[in-house]
Number of protein chains: 2
Amino acid sequence: MQSDQVIRALGALAQEHRLAAFRLLIQAGAEGIPAGVLAERIGVPPSSMSFHLAQLANAGLVSQRRESRSIIYAADYAAMGGLMAYLTENCCGGVPCDDPAACIPPSIMETAL
Amino acid sequence: MQSDQVIRALGALAQEHRLAAFRLLIQAGAEGIPAGVLAERIGVPPSSMSFHLAQLANAGLVSQRRESRSIIYAADYAAMGGLMAYLTENCCGGVPCDDPAACIPPSIMETAL
DNA sequence: CCAATAATTCAATAAAATTCGAAATATCGA
DNA sequence: TCGATATTTCGAATTTTATTGAATTATTGG
């Protein structure tokens, strides 16, 4: 994952309605949720929801599939994992570490999680 | 960590120069880096760097301390951990899980990390 | 105190993101 | 094919962000 795409992903998540939508999708799993249902649950008009979903899709954070008249969105867990990996990469001075909990000072980590 | 602060943190990181600065600080550790050095390394004028550092500080992602004439910035690992925790929270349908690798479908996780 | 250094704040501008009604597109059921 | 449903695209107004030179604040050494 390159910084360019990371910035788009972070930017996509850095918005109230999109963060809400993404979290609903994370919880919904592979089944996904139709655009209209997301709009209703979040409380924004369909055209606004469509705009936000396009941002998430462009960032690669969600996938979309048509099912009859509905377009169903689902979270892309791989992209999510990639984003997290990028953010913790080099978290202890350039030395790669698989376990952020061990990399980030434990005493500080306790209060964080 | 509440969604409001999460959005500010994500927004703070969703910008080329700020992401670059934060990564330098993550690698620098507790020692930190003076504002002027960051500006020079990233290639932006001091006033621009100051603006961006203020965003990061406002989001709680960095701390600042004065040392003689310099103001030295350092990454806040706790905030970083909190952000990651929020993003993976509920990642498998509302059931809390400490290990995102086990929560996010392993087969998908492989291609991501 | 004064000149030099380090950063920030201010202000004005430029660029990007958000909002949402109205119009357009796609799909289904009868 | 027609009408209803589900979404997206378009367009235009609004709001938020980003950029930087110039002025301001803080600190040090002489």
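A, B, ... follow the sequence lines: proteins, then strands. Residue 1 opens every chain. Hydrogens, waters and symmetry mates play no part in the numbers below; they use all other heavy atoms, side chains included. This is a predicted model, so every value here is computed, not measured.
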What's the shortest heavy-atom distance between A:Gly60 and A:Asp76, and which atoms?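 Residues A:Gly60 and A:Asp76, closest heavy atoms: O-CB, 3.6 Å.
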
[options]: which one has an atom nearest the side-chain heavy atoms of [X]?
| X | options | answer |
| --- | --- | --- |
| A:Ser50 | C:dT19, D:dT9, C:dT9 | D:dT9 |
| A:Gln64 | D:dT28, D:dT8, C:dT8 | D:dT8 |
| B:Ser47 | D:dT20, D:dT9, C:dT18 | D:dT20 |
| A:Ser68 | C:dC28, D:dA26, D:dT28 | C:dC28 |
| B:Phe51 | D:dT7, D:dA26, D:dA18 | D:dA18 |

Toward the 5' end of DNA chain D, which comes first, A:Ser48 or A:Arg69, by nearest nucleotide?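 Comparing both residues, the 5'-ward one is A:Arg69.
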
Side-chain N,O ([X]) to OP1/OP2 ([N]) below 4.0 Å:
| X | N | answer |
| --- | --- | --- |
| B:Arg66 | C:dA7 | no |
| B:Tyr73 | C:dT8 | yes |
| B:Ser70 | C:dT5 | no |
| B:His52 | D:dT17 | no |
| B:Arg18 | D:dA18 | yes |
| B:Gln15 | D:dT19 | yes |

What is the separation between atom CE on A:Met49 and atom P on C:dG21, rounded to the nearest whole Å?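 Checked: the CE to P distance equals 15 Å.
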
Length of the line joining A:Ile71:CD1 and D:dT9:C1', which is rounded to integer Å: 12 Å

Please classify the nucleic acid contact of B:Pro45 as base, sugar-phosphate, or nothing, using heavy-atom distances under 4.0 Å. sugar-phosphate

